[in-house]
Asks: 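One structure, as structure tokens, below. Some questions next.
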Amino acid sequence: MTHPRSLTLGRRAALARAGGYGLAAIASVLAARDAAATPDSARDWLAALAKGSPKDGKVSIKAPEIAENGNAVPVTVGVESEMTEKSYVKALHIAADGNPNPGVASYSFMPLAGRAEVQLRVRLSQTQKLVAVAEMNDGALFVASREVKVTIGGCGG
Amino acid sequence: MSEDIKPRVRVQTKAKKGEVVEVKTLVTHPMESGQRKNADGKLIPRLIVSAFDATYNGKPVMSAKLEPAVSTNPYLSFFVRVDESGTLKLTWTDDNKQSWTSETKIEVA
């Protein structure tokens, strides 16, 4: 009699413990999520660099729809604009809203660049959105965003 | 490790006047993000190439501030308009203020 009972208790205890681990795991995942950038922090990071309210358009982000390896995702960001002394793209800021930190890179251009288009490889820790804001020499801002699905994250380790 | 760091640049060396040419660059650098932990569970301090700068005949073309989200061995490409023959000078600077430069001559026909 005592034997099966203790077995049951053992099982319950084991279940309870498993539940406890499960909760701990969820909690740590939530904590990890908290540490990551959010769309808000990405917006704040961009707003600190380019003051004003950006409009859609002119900026284009090229990136794979699904990135198997988040360690090096090829990204091309271009701005449709002439590059003359009178009118040119002054700056281009790129952010990612799901990485530990929202910033990716911040470029500044002179008319001598000829074309405001850059290519780089970025780390993406999870599926998230890339946001790019371009600042023209007259202060006008343009924004674009693009979601990249990440199979294997590329941050920390 | 730092001695191995070598920038590589690919750009056409002959161009027409006023042509906008693409410059592709790569520098071998670990780009330690500051997020990773070593075997003892301690954070490995951040060490990334944080600044990149390009000039043509001494005139600024573009510059970039990079964040840890840029991949290991950062590949960067951009454009430059060449109006006369000259030297494209690129400079990478990391968190330790160590820097690497590369100079490429472009001839305008």
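Proteins come first, then strands; the chains are lettered A, B, ... in the order of their sequence lines, and each starts at number 1.
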Asks: Sort B/Thr72 into side chain, backbone, both or neither according to what part of it lies under 4.5 angstrom from a heavy atom of chain A.
Replies: both
Asks: Using a 6.0 Å cut-off, check whether atom CD of B/Glu84 has over 12 heavy atoms from anything other than its own residue.
Replies: yes
Asks: Does any backbone or side-chain atom of B/Glu22 lie under 4.5 Å from a heavy atom of chain A? Answer side chain, backbone, both or neither.
Replies: side chain
Asks: State whether the side chain of B/Asn57 and the backbone N or O of B/Lys59 hold a donor-acceptor pair below 3.5 Å, judged by distance alone.
Replies: no
Asks: Using non-hydrogen atoms and a 4.5 Å limit, figure out which bit of A/Ala72 sits close to chain B: side chain, backbone, both or neither.
Replies: both
Asks: Can you tell which of B/Asn73, B/Leu76, B/Asp83, B/Val82 has the highest number of heavy-atom pairs within less than 4.5 Å of chain A?
Replies: B/Leu76
Asks: Please flag which part of B/Pro60 lies under 4.5 Å from any non-hydrogen atom of chain A: side chain, backbone, both or neither.
Replies: both
Asks: For chain B, which candidate among A/Ser108, A/Gly103, A/Ala105 shows the most heavy-atom pairs at distances under 4.5 Å?
Replies: A/Ser108
Asks: Determine whether B/Val23 and B/Val9 make a side-chain contact, defined as any pair of heavy atoms from C-beta on separated by less than 4.5 Å.
Replies: yes
Asks: Is the CD atom of A/Glu80 crowded by more than 12 outside heavy atoms at less than 6.0 Å?
Replies: no
Asks: Is there side-chain contact between B/Val49 and B/Met31, with heavy atoms separated by less than 4.5 Å?
Replies: yes
Asks: Mark yes when over 12 heavy atoms from residues, nucleotides or ligands other than B/Arg46 sit less than 6.0 Å from its CZ; otherwise mark no.
Replies: yes
Asks: Under a 4.5 Å heavy-atom cutoff, which of B/Ala64, B/Gly34, B/Ser63 has the most pairs with chain A?
Replies: B/Ser63
Asks: Using heavy-atom distances under 4.5 Å, tell me whether B/Val61 contacts chain A through its side chain, its backbone, both, or neither.
Replies: both
